[in-house]
Each structure stands twice: as structure tokens, then as C-alpha cells.
Amino acid sequence: MLDKTYQPAEIEPRINEAWTKADAFRSGRPDRAGAPPYSIVIPPPNVTGSLHMGHALNNTLQDVLVRFERMRGRDVLWQPGTDHAGIATQMVVERQLMERQQPGRRELGREEFVRRVWEWKEESGSTIVNQLKRLGASCDWSRERFTMDEGLSRAVIKVFVELFRQGLIYKDKRLVNWDPKFQTAISDLEVVQIEKKGSFVWADGDPEKPFDAEALAKVLKKDPSGHMYHFRYPLAKKVKGYDKDYIVVATTRPETMLGDTGVAVHPEDERYAALIEAGAKVRLPLVGRDIPIVADEYSDPEKGTGAVKITPAHDFNDFEVGRRHDLAKINVLDAFGRIVDGEDVPKAYRGLARFEARRRVVADLAALGLLAKIEPTTHTVPHGDRSNDVIEPWLTDQWYVNAGELAKPAIAAVESGKTTFVPKNWEKTYYEWMRNIEPWCISRQLWWGHQIPAWYGPDGHVFVAYDEEEARAAAETHYAGSNAPLTLTRDEDVLDTWFSSALWPFSTLGWPDETEELKLYYPTSVLVTGFDIIFFWVARMMMMGLHFMKEVPFHTVYIHALVRDEKGQKMSKSKGNVIDPLALIDKYGADALRFTLAAMAAQGRDIKLAPARVEGYRNFATKLWNAARFGEMNECVRQFDFDPHSVTHTLNRWIVGETERAANAVTAGLEGYRFNEAAGAIYEFVWGVYCDWYLELIKPILAGDDEQAIAETRACTAWVLDQCLKLLHPFMPFITEELWAHMVEHGERRLSLLCLSEWPRLSGLSSSTADEEIGWVVRLVSEVRSVRTEMNVPAGAKIPLVLTGASEGTVARARRHDETIRRLARLDGITIADTAPKGAALIVIGEATAALPLEGVIDMGAERKRLSKEIEKAEGDRNKAATWLGNDANVAKSPEHVVELNRERVAEAMDRIARLTAALKRIEG
RNA sequence: GGGCACUUAGCUCAGCGGUAGAGCACUACCUUGACAUGGUAGGGGUCAGAGGUUCGAUCCCUCUAGUGCCCA
């Protein structure tokens, strides 16, 4: 016997165990041999991670699809695994060392540090995996992979070497986004632009208000950004036709002026034409270097003074300007973001932290009378997405992938429809980025990751090879004839984490070996992910998949929304608005959380999660639980030979038809990735149809003495519940699996776990006569209940009902369902009469009128009010439809069924009005 | 500045050329032999605003206002 209340915490671990024991999620099960494959690779969560709401949504949707297809008989592989997450993981371990007051990374040395990271990974890498299991993720856990395990590393090396040999990976010296906190380069994608606006205002000219360096320092201490500084750069020589002896430039980063190698003005800016003409130079203050004034369209005459300082080594735009005019690139920052200790920089600034240097430069220029003004300005400042530190564009040697070349087939594959995005509009975003793609910087100055397979000879010549042995062989050939001992040094850098993630769809299947799995499961069926990693991951998997497998990695990309909090804000630890999915699972169960996420996953919208929703769906689970309990109490057990087509009782004919409709709706929803519609359909069926009506309607049968009807109804009730369990299983796997097992305690044994059972394929079950008949009963019961409430009839009081003007068919219906109607509407009898008794409340239903004689009980004033309201409503309906019909254009141009619909509305409304008016008159008369 | 969304009940969201829906919240009544994590009934919306297309617009188009996101 089922417990009275449903306890998710009790059943979920038990069910998880049963699945594991049965090896239910293994791909390539013998019973699926030859079945069409269905495969999904999980977006590998960071090993450092723990389950957040985004994971919960992402994996719920994948699990819904995977369970659905598994039940449809496919050979399903949901490939799980985790990502080594270079920066994030290295950060976590470094922090841990610090907290434990152990030696830091650099003290430990590379080998020891990496060993510590592996140790940490072994200890806590399974956290997220266990959390996914709690969510119910039906991955093939026997195939779990890690981006740094042996096989995947082999794939990474091969890809690097091959791309290098094909000229698609190369080393280059250019500006990169440098993260001074982690001392590594990062890719464009790992940079987030943050808007800053300062508050310090100052301009020279007012002797009352001298520049106050300390006040500025105070403001900058809070935030070093957000101001535009205007400097006067003195001309090296006075120029004829230009009336001043200086030029004013503006910048938001004063300290970079130490590396200025030019000043740019617009070629058509007449204010500066003379300077360009004369080939004028400015003498860079503080430094004393003479630098040219050049004409370049980059400078905007509308902005500031129209003159900009050019620092090619520390700004992406300036770099380009510098290249066009052959300006020197002077590096004034070191890896930590400090001013370099070198000849190019005046002694006073050497070794200063960058923002300290900023204050110093401004103060020193002010002291020289060269500071014109400071004003607050809104500008975006690049920050590292992990470090949250201000990123410096910095000139270094890094490895790059020629993404532009790899992007071409990746663009074509989406254009030709080999891969489609759902919803479609994300394709535009994908194209936009792919068509303007920049070289991808893949080297990172970290220790945790795949070390780049490149070795340098004594003269710096690079040998890229599968291993040191091969590199050595190549080097020996290269240096043949030289007698010097050959020492090779391996490149210190590791690869961007996303480099290995890009190979995930085929590296996890065993590539570069030609495995069975690769043949069977590649390309994968669908990729499910959030839009925030379309660029990071989806695009790169497309590029790598097409290049190495010559085939797209997935046929469909389903892009889901971001989960936000109730107010629509992105969840973040700093805002303190994070909703922990595990806390919700603890409180309401994994099924409730999953159902909530699926029900809210409408295409193309963010999900604002209200925890009350989860509670609501937990209640839904309880409802299902109790419906099963009802079945159990009434001996509704499954019959193997039950055929829904053969039921004879109207109620059963009706419910099997409704079941078919629900099954079709759920199936269609899932096939179209409309998770919310699928979830909505099964919710409405289970609660609104099966529980609210069917189970109530059959109670009199079960309590009656018609053995045949009882037997059929019991079997039918059990069958419908089974269909509900199946249809609901992808969304709520735990409770459904539990009930599936439990409901046969007294019946036929199950042939399999629910998760491996067959998805309902129903047809030919609906009957219009049954639908009409039960529809009539439902309407009558609802109307009576409604009148009872409005008439303030006590809920416990039983009242009689007199049916008048009923056709033979209606009378027969009323007889057939006499007991049911009496029970649900709380009546003490239904009689047939020619005319309604006096002092009765009247209900118009179809051609008949149902009278509730309530003389003495009834409040005539209330009944008058009720009838008037009904009449008003009917008149509204009639007027609306009649007006519509009154317009000739409507009738002439609308489709026939719309015209007909409106005619019916008018006729029906008129009929109601007539009978309601008669009823009203009788009360008044 | 460029691009993409969004604006529907108190709240969170569906819907979408043919008389507006759900969950939660709210009101009243009900411990009826599955279920108070429940039942029954009910209140609540000129579908942001203004034009246009159409026989007909919450839905399609244009503009306006507001909000959010992405890219510079």
C-alpha cells in the first residue's frame, strides 16, 4: 500500500539505485541492437563546479529528450563527462593552497603543482557528477570522460599537430588580452566589457580651484576608470599657420602616455591641416621623446579635440594606426601590469602599479601645467571573465588558430541546413560572429591544461610534433651538420580549455581511433545548450567537427534560455540572488524541479524562476501519487490482455480517447522541442481530466454491482495510469518509476523498468459519441455546482433536480449517469417532468432545462440577480456575433466555418436569452 | 553607435489572424472513503501607446515609449 503522502527524498535514491543496478542507461544495450541511434553529448561541466540552475535546466532538457527517445526504442547514448576548465581549476587549487597556508604555485613548481591539481580533481571532481545523478540525468555513466584523460589528450595533440602542419595553427606576435592577475593571455570571448563612469570634475583656468591630486587619488581608489583626461602635448617646434604651441589630446588611460609614439588627427580636420603639412612633432611630456603627428581616419573630429594619442603597444585601435604609419611599439607594462623597469620609461615611474602610475602621471602633468581638464565619462573597460581584473592589451607571442578559414565550412553547414538551430533566430547570431571571426588565441600561460606540443631548438626554431621523440628526430634533421649538443625546450604554455571542448563530440567517442561508437553515434542527434556559449563552444565544435570528421557534429542545436531570478536578473553570487537547485531538490524533489524547468522552457525567452512554481509542481506529483493510491485501493490492476479499443462503457471509451489526445500532444511537443507544451499537456490531462473527472465519474461504477463494468473500469483505470506514467516519465522520472513498480504489487509483473518501456503510440481510440455524452455530464455537473454556490446552498445539502424539455437521448443520458451526476452535483434525485416547478433555479443545458427546486432554501433575490447576470452575458455574446454578421463584408469575405460559427453563436445566445428570461419572469410573477 | 529580443491578470509566464489562458496569490464555502501538498465555485485583463494592412488584429507591418541582452 502506498503511503499517504509522496516523499521524494525517500524514493529518489532508491530509484537511482535501481537504474544503476539494471544498467538502464547504457548505450548499445543488446535489446537495442540495430535500433536507430540517438546521441547527445553533455556540455561538460567544469570539474570545479557544482550544480547551478543553468546546469539543472540544461540537463533536464537533455534528459527529457533522451528518456523520450529511449522509450521510443532508439539506441540512446547520452555521453557524460567533465571539463578541466584551465583557469577556473587552477584558481581553485591556488586559493586552497593559500587558505591552508601551504607553499604557492610558483614555490611548488610546475610538476608538483599539476600533481596537486590532479589530486584535487580526484577528490572532488565527482561532486558535479553526483549532483547530475541526483537530478536524474540518464547518462551512460560507464562512458564518463574528462577533457584531460589519456584518450582525449591524444585527440588534442593530434588536432594541434595536424592543424599546425596544415598551416591553420601558427605563432604570432600581436596584441592580446592580457590578464595581469593570472598572467596569461585570454581570448576575446573571455573578456567582458564593463561600463564605468567616474565623478571627478576639474578644468584649469580658475585660480580659485587648483588641481587637487589627493582628491583625484581618493576617487580613483574606488575605481580607477571612468574619466577622460585632457593633456596638452607641446609641439617640438612652433608651426606656421597653427596658432598654438601645443595640441590637446584626450585619454581614459593616462599612464599609457609613457608609451605614446604618435598623435593622430583626422586628415580632413582643418584645425590641424598645418601641422600635418609641416610634418610636425610633439615632445612627449615626462618622457621627452619627439613623436610625429599623423593624419588617420581613426581619429574622430567630433570627439574631444579631434586629436588622439597613439600607444600602439597598449591599445587595439592604436596598434592598427601604428601599423599604418609605421610608428614604434613601446611596451611600458610588464606581465603584472606594472610599469616596466626599462630604458624607455623615466626612472620615476619604473615598477609602479598601473593605477598608481595613472595618478602619478596626471599629477605630474598637472604640475607642469599640461593638464587641461578631467571630466567623468562613460566608457567600457575590459575585464577578465574569471579574474574580474582589468585586462591590458599587451604585445606578446602567442599561438593562434586561423579561425577564419575553419569557419567557412561551418558557416556553409548551417546555410545548407545540415545543422539547424532551434529556435531558428540564433542562426543569425551564429552567422554574425562566424563571418567576422578573428584569429583565435589558444595559448595560455597556465600550468593546468594540455601543454602545447611544440619544442624549440637552441636558435628558437619550433618543432611541432606528437611527442618529444618525434620533435627530436625533426630537430636532428634540421640541425644536421651542426656538432653542438642538441637541447630542445618544450613550450611552457597550455591550450585554451575550449580547444579540447571543441573536439568533445568526437574525442569522447574514441577519435582518433576508428571506433564502433564513432561510426554509430557521430554525428550526434542534437546539442542542447545556452546561447551564452554559442561562440565559445558551438561554433568551435562545428569548425573542428567539420575539419576532422568531414561531417557536422550535430544535426540540431537547441538553444535554451538563461535562468534568471524572479525579477529577471542574472543570478550571481555577488547579487545574492542565486537559487540553489539542490536546495529545491531537497525541499520539493528532483521531479518537481525538473517539471518546473521543462514547463518554463518556452522557446526564445529567458526563464524567470519563481520558487512557488516548484512547489506547485511538487503538489502535482502528490496529486499523481494519490491518483495511483486511489487505483490501488480500488484494485485497479493492470491486465496484460487489456485492449483500450475494446472498452464498452461510455466513460471508458471517453477516457481512452482523451488519453490518445494527450499522448499525441506530448509526443508532438517533444518532437518539436516545445517542452513547455508537452509538459502542459500531460499536466492538464493528469490533473484536469483523469483526476478531476474520470476518477470521480467512475466511483459509482466501482461502488456498484455490475461486475463486467467494474472489471473493465478497473483495467481501464490502470491502463490510463500506465499511460500517464509513461508520458510523464521524461519529466518526472523518479515518481513515475516508483509508481510503475509499485502498481503491480497485486497485478501482473512488469516486463521492464519504466525508463525502458515503450512510449505510447495510440490511435483510433476517440469516440465522438462518448465525448459528447461525457461532455454533457461534465457541463451539467459544473452548472449545478455553480448555481449551488451562487444560491448559497450549503455544500452538504442534497437537493433534487428536475429535467424538463429533454429529448429522448438526453433523458437516456441522464438515466445512464444518474448516480454519477447525483454524486458529483450532490443531488438527492433526478426526475423528468414537462414543466419546471415553481421557485426553482433554472439551468439551460443543450435543448433541455434543468430545474433545481429550491423553494424555501433559495434566496429569490439572489436567483434574480444570477439570472440577470446570465442574461446579460448571453446578450453580450449575441450582440457581438450579430454585429459581426451585420457587416456584409464579414459574411462575404470570411471563410464559411467562421460565418457558421457566428450564426450558431447568435442562435444559441437567443435561445438562452429566451429561456433565461422566461425563468426570470416566473420568479417575478 | 550596430544588432536581437521583450512589454498579456497582483506576481511569474504561455498563447497568437476568428469572443483572452495556466501556475502562484486573492475571495467564499467544504475535513465528501485517493489527495487540505486537497476539493468546489468565484473575482481579476480597452493583450505598452499611436497609426496601417485585413471582412476581422493581442497576433502581421510602421512609428513612439519603456525594459533586457549581445557586439563595438
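Below, chains carry the letters A, B, ... as their sequence lines are ordered, and counting in each starts from 1.
Atom CG in A:Leu593 sits about 21 Å away from atom P in B:U37, given to the nearest Å. When the P atom of B:A34 is taken as reference, atom OH of A:Tyr690 falls 13 Å away, rounded to whole Å. Atoms CD (A:Glu896) and P (B:C55) sit 17 Å apart, rounded to a whole Å. Computed from coordinates, the A:Leu824 CG to B:A41 C1' distance equals 15 Å when rounded to whole Å. With rounding to whole Å, A:Trp426 atom CH2 is found 13 Å from B:C71 atom C1'. If you measure from atom CG of A:Asp888 to atom P of B:C55, you get 14 Å, rounded to the nearest angstrom. When rounded to the nearest whole Å, the span between CG of A:Asn436 and C1' of B:C71 equals 10 Å. Protein atom CG of A:Leu624 is 15 Å distant from nucleotide atom C1' of B:G38, rounded to whole Å.
Rounded to whole Å, the separation between the C1' atoms of B:A20 and B:A57 comes to 13 Å. Taking the C1' atoms as reference points, B:A48 lies 24 Å from B:G43, given to the whole Å. Going from the P atom of B:G15 to that of B:C6 covers 10 Å, rounded to whole Å. Separation of the P atoms belonging to B:A14 and B:A5 is 15 Å when rounded to the nearest angstrom. Going from the C1' atom of B:G21 to that of B:U62 covers 29 Å, rounded to whole Å. Taking atom P on both nucleotides, B:U32 is separated from B:U19 by 42 Å, rounded to a whole Å. B:G45 and B:U58 are spaced 11 Å apart, taking the C1' atom of each and rounding to whole Å. Between B:C63 and B:G2, the distance separating the two P atoms is 13 Å to the nearest Å.
Looking at heavy-atom distances under 4.0 Å, A:Ala892 makes no contact with the nucleic acid at all. Across all strands, A:Arg826 comes closer than 4.0 Å to base atoms (heavy-atom distances). Within 4.0 Å (heavy atoms only), A:Thr622 reaches at least one base atom of the nucleic acid.
By the neighbour-count criterion of 12 heavy atoms within 6.0 Å, atom CD of A:Glu908 is sparsely surrounded, having that number or fewer from other residues, nucleotides or ligands. By the neighbour-count criterion of 12 heavy atoms within 6.0 Å, atom NZ of A:Lys587 is sparsely surrounded, having that number or fewer from other residues, nucleotides or ligands. Atom CG of A:Asn436 has more than 12 neighbouring heavy atoms from other residues, nucleotides or ligands inside a 6.0 Å radius. In A:Met910, the CE atom is not crowded: 12 or fewer heavy atoms of neighbouring residues, nucleotides or ligands sit closer than 6.0 Å.
Residue A:Lys428 places at least one side-chain N or O under 4.0 Å from the OP1 or OP2 atom of B:C4. For B:G42, the OP1/OP2 oxygens have a side-chain nitrogen or oxygen of A:Ser786 closer than 4.0 Å.
Considering only side-chain atoms of A:Ala889, the nucleotide from B:A72, B:C70, B:C55 that sits closest is B:C55. Side-chain proximity of A:Asn676 to the nucleotides B:A72, B:A14, B:A34 is greatest for B:A14.
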Which letter, B, S or -, goes with each nucleotide of nucleotides 17-27 of chain B from 5' to 3', with contact meaning a protein heavy atom under 4.0 Å? -BB---SS---
Review item, side-chain donor-acceptor pairs of residues 684-695 of chain A, under 3.5 Å, at least two apart:
from: A:Tyr690; atom 1: OH; to: A:Thr717; atom 2: O; distance (Å): 2.9
from: A:Tyr694; atom 1: OH; to: A:Asn652; atom 2: OD1; distance (Å): 2.5

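Residues A:Cys716 and A:Ile655 have side chains in contact (heavy-atom distance under 4.5 Å, counting atoms from C-beta outward).
Remark on RNA chain B: of its neighbouring residues A:Asn634 and A:Trp693, the 5'-side contact belongs to A:Asn634, judged by nearest-heavy-atom nucleotide. Closest-nucleotide positions on RNA chain B for A:Thr380 and A:Arg823 were compared, and the one nearer the 5' end corresponds to A:Arg823.
The ring-ring contact (aromatic ring centres under 6.0 Å, His included) test applied to A:Phe535 returns A:Trp433, not counting sequence neighbours. For A:Phe319, there are no ring-ring contact (aromatic ring centres under 6.0 Å, His included) partners two or more places apart in sequence or in a different chain. In this view, A:Tyr588 satisfies the ring-ring contact (aromatic ring centres under 6.0 Å, His included) rule with no residue, not counting sequence neighbours.
Looking at RNA chain B, the stems built from 3 or more consecutive Watson-Crick or G-U wobble pairs, each pair with its key distances under 3.5 Å, are B:1-7 with B:65-71, B:10-13 with B:21-24, B:26-30 with B:38-42, B:48-52 with B:60-64.
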Test A:Ile735 against A:Phe620 for side chain to side chain contact (heavy atoms under 4.5 Å, CB included), laying out the working first. CA-CA 11 Å; A:Ile735 187 177; A:Phe620 171 59; over 6 Å; no
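A donor and an acceptor atom sit less than 3.5 Å apart, one in the side chain of A:Glu696 and one in the base of B:A34.
Taking the six-membered ring where the residue is Trp, the centroids of A:Phe421 and A:Trp426 are separated by 6.0 Å or more.
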